[in-house]
Number of protein chains: 2
Amino acid sequence: MQLMETEMRIGELAARARVSTRALRYYEEQGILHSERTPSGQRVYGSSAVERVRLIQHLFSAGLASRTIALILPCVDTGHAPPEMLSSLHAERDRITTVIADLEQARRRLEQVIELTEHPTVEQCEIATDATSRTSVIVGASA
Amino acid sequence: MQLMETEMRIGELAARARVSTRALRYYEEQGILHSERTPSGQRVYGSSAVERVRLIQHLFSAGLASRTIALILPCVDTGHAPPEMLSSLHAERDRITTVIADLEQARRRLEQVIELTEHPTVEQCEIATDATSRTSVIVGASA
DNA sequence: CTAAAACCTCACGTTGACGTCAAGGGCAAG
DNA sequence: CTTGCCCTTGACGTCAACGTGAGGTTTTAG
């Protein structure tokens, strides 16, 4: 079977999108990635599938479940959603927003530790010798 | 056994931090949450444990593994890290940064869908009737 | 034409963060 | 003293996102 220039089989897509072939078959099983088939049954993808898989990866790494992704991908494709889905979309957006906030808070804490370790200050040295106020300095920094 | 005013047992901590008692015992098992014990073996926590558990939850929801959390929590407590840990801290911070970027991208896509669904535009209606350019509008919006 | 590489479909294994019983101990109220 | 609720330690179950073969077919390189 001869493929078009812009077409590829599962191995090439996996290499280009930096995922395993198993993951791609799993995505298809979950209904979030579709493929054409050759007469003999091998999967064929267009070149746009690379971006598609990257998007899926982003959504996964964003903590979305495959069912949620299956829910919103068609909306992303068509650019609109059935009105009864709007509440789910709002809920997902809000969930993402709080996760981002949590992540930013965690990152700030990490950066404080990095900063203090790389550039210890006089203040920091005083703190280090004053056991009673240790936890209130960094842990309490978000209050 | 009579507890101090500021102390609590596992059930109250679970209620205040909105997690299960199972989760709290799991955190202890993983070395990321410590407890005192009464003579009879029951766990006792100070009031600061509530914030502690919330922090742990944030780190989990940020996608950090328990081993990673066990690694960085002492640094967050003391406000500094052993220099040989700096590379791990940098790596974690960078990982968090890319996850945040992925999340923001995902959220932008979601918000576009929400916006177009709630306030359909003329442009949107044209797109909806022009099948050949569907995918390039939203999916290609990040290019 | 043949051998290797890539593909196919099951189907069981893995890991992390818990859920969920099971069998019992501790402690204030009636 | 017993009832009832909260606590204890195991230990097995679950779920998602794959990993990892088994066993067979298709495609490609020589």
Side-chain angles (χ1 to χ4, degrees), chain A residues 1-5 7-45 49 52-73 92 95 99 102, chain B residues 1-4 7-45 49 52-71 73 92 95 99 102:
Chain A
M1 190 62 185
Q2 179 70 338
L3 299 179
M4 310 286 286
E5 188 67 33
E7 291 178 332
M8 56 191 134
R9 292 185 302 171
I10 197 171
E12 188 177 346
L13 176 57
R16 289 202 192 176
R18 305 280 179 184
V19 297
S20 68
T21 60
R22 177 66 175 95
L24 296 180
R25 294 197 187 97
Y26 175 75
Y27 296 163
E28 183 168 323
E29 188 182 316
Q30 301 300 306
I32 60 185
L33 179 67
H34 307 293
S35 64
E36 300 300 313
R37 298 294 184 113
T38 67
S40 67
Q42 300 206 348
R43 291 172 178 84
V44 178
Y45 303 92
R52 182 69 160 197
V53 172
R54 290 235 166 90
L55 169 59
I56 292 173
Q57 290 282 104
H58 288 160
L59 294 175
F60 269 123
S61 93
L64 303 209
S66 59
R67 270 194 297 277
T68 310
I69 298 178
L71 191 70
I72 70 174
L73 266 187
E92 257 327 300
R95 200 191 62 79
V99 170
D102 288 353
Chain B
M1 191 61 184
Q2 179 69 341
L3 300 179
M4 308 289 285
E7 291 178 333
M8 57 191 133
R9 290 183 304 172
I10 198 171
E12 189 177 344
L13 176 57
R16 289 202 192 176
R18 305 280 179 182
V19 297
S20 68
T21 60
R22 178 65 175 92
L24 296 180
R25 295 198 187 96
Y26 175 75
Y27 297 164
E28 183 168 323
E29 187 183 316
Q30 300 300 307
I32 60 186
L33 179 67
H34 307 293
S35 64
E36 300 299 313
R37 297 296 184 112
T38 68
S40 66
Q42 302 205 347
R43 291 173 177 84
V44 178
Y45 303 91
R52 181 70 161 196
V53 172
R54 290 235 166 90
L55 169 58
I56 292 173
Q57 289 283 104
H58 288 159
L59 294 174
F60 269 123
S61 92
L64 303 209
S66 59
R67 269 194 297 277
T68 309
I69 298 178
L71 190 70
L73 266 188
E92 260 324 302
R95 201 191 61 79
V99 171
D102 287 354

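Order of the sequence lines sets the chain letters (A, B, ...), proteins ahead of strands, with each chain counted from 1.
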Margin query: Which residue in the set Glu36(B), Glu28(B), His34(B) passes side-chain hydrogen bond (donor to acceptor under 3.5 Å, both in side chains) when paired with Arg43(B)?
Written below: Glu28(B)
Can you measure [X] atom [atom1] to [N] atom [atom2] for me and round it to whole angstrom units?
X	N	atom1	atom2	result
Ile10(A)	dA6(C)	CD1	P	13 Å
Ile69(A)	dC18(D)	CD1	C1'	13 Å
Arg37(A)	dC7(C)	CZ	C1'	10 Å
Glu28(A)	dC10(C)	CD	P	12 Å
Leu33(A)	dA17(D)	CG	P	15 Å
Glu12(B)	dC7(D)	CD	C1'	14 Å
Leu64(A)	dC15(D)	CG	P	20 Å
Met8(A)	dA5(C)	CE	C1'	19 Å

Note to self: Please enumerate all residues that pass side-chain hydrogen bond (donor to acceptor under 3.5 Å, both in side chains) together with Ser66(B), with sequence neighbours excluded.
What the structure shows: Gln30(B)
Margin query: How bent is the helix from dC1(C)-dG30(D) to dG30(C)-dC1(D), measuring the angle between the end axes built from five pairs each, rounded to 10°?
Written below: 10°
Margin query: More than 12 heavy atoms of other residues, nucleotides or ligands under 6.0 Å from CD of Glu29(A): yes or no?
Written below: yes
Notebook entry, point to check: Hey, is CZ on Arg67(A) packed in by over 12 heavy atoms from elsewhere, all under 6.0 Å?
Noted result: no
Quick check on [N]: is either OP1 or OP2 less than 4.0 Å from any side-chain nitrogen or oxygen of [X]?
X	N	result
Thr38(A)	dT26(D)	no
Ser66(B)	dA17(C)	yes
Arg43(A)	dC8(C)	yes

Item checked: Selected nucleotide, minimal atom distance to Ala65(A) side chain, candidates dG16(C), dG25(C), dA17(D) -> dA17(D)
Next item on the list: Measure from the side chain of Arg9(A), starting at C-beta and using heavy atoms only, and say which of dT9(D), dA6(C), dC7(D) lies closest.
Entry: dA6(C)
Item checked: Minimum heavy-atom distance Ala14(B)-Ser20(B), with the two atoms named -> CB-C, 4.1 Å
Item checked: Closest non-hydrogen atom pair between Ala17(B) and Val53(B), with its separation -> CB-CG1, 3.5 Å
Next item on the list: Flag the pair Arg37(A) / Gln42(A) as yes when at least one side-chain heavy-atom distance between them is below 4.5 Å, and no otherwise.
Entry: no
Margin query: Please determine whether a side-chain nitrogen of the Lys or Arg among Arg95(B) and Glu92(B) lies less than 4.0 Å from a carboxylate oxygen of the Asp or Glu.
Written below: yes
Next item on the list: Report the distance from atom OH of Tyr26(A) to atom OG1 of Thr21(A), rounding to the nearest 0.5 Å.
Entry: 15.0 Å
Notebook entry, point to check: In residues 18-27 of chain B, what residues come within less than 4.0 Å of DNA chain C, judged by heavy atoms?
Noted result: Ser20(B), Arg22(B), Ala23(B), Tyr26(B), Tyr27(B)
Notebook entry, point to check: Mapping Phe60(B) and Gln42(B) onto DNA chain C by nearest heavy atom, which one lands closer to the 5' end?
Noted result: Phe60(B)
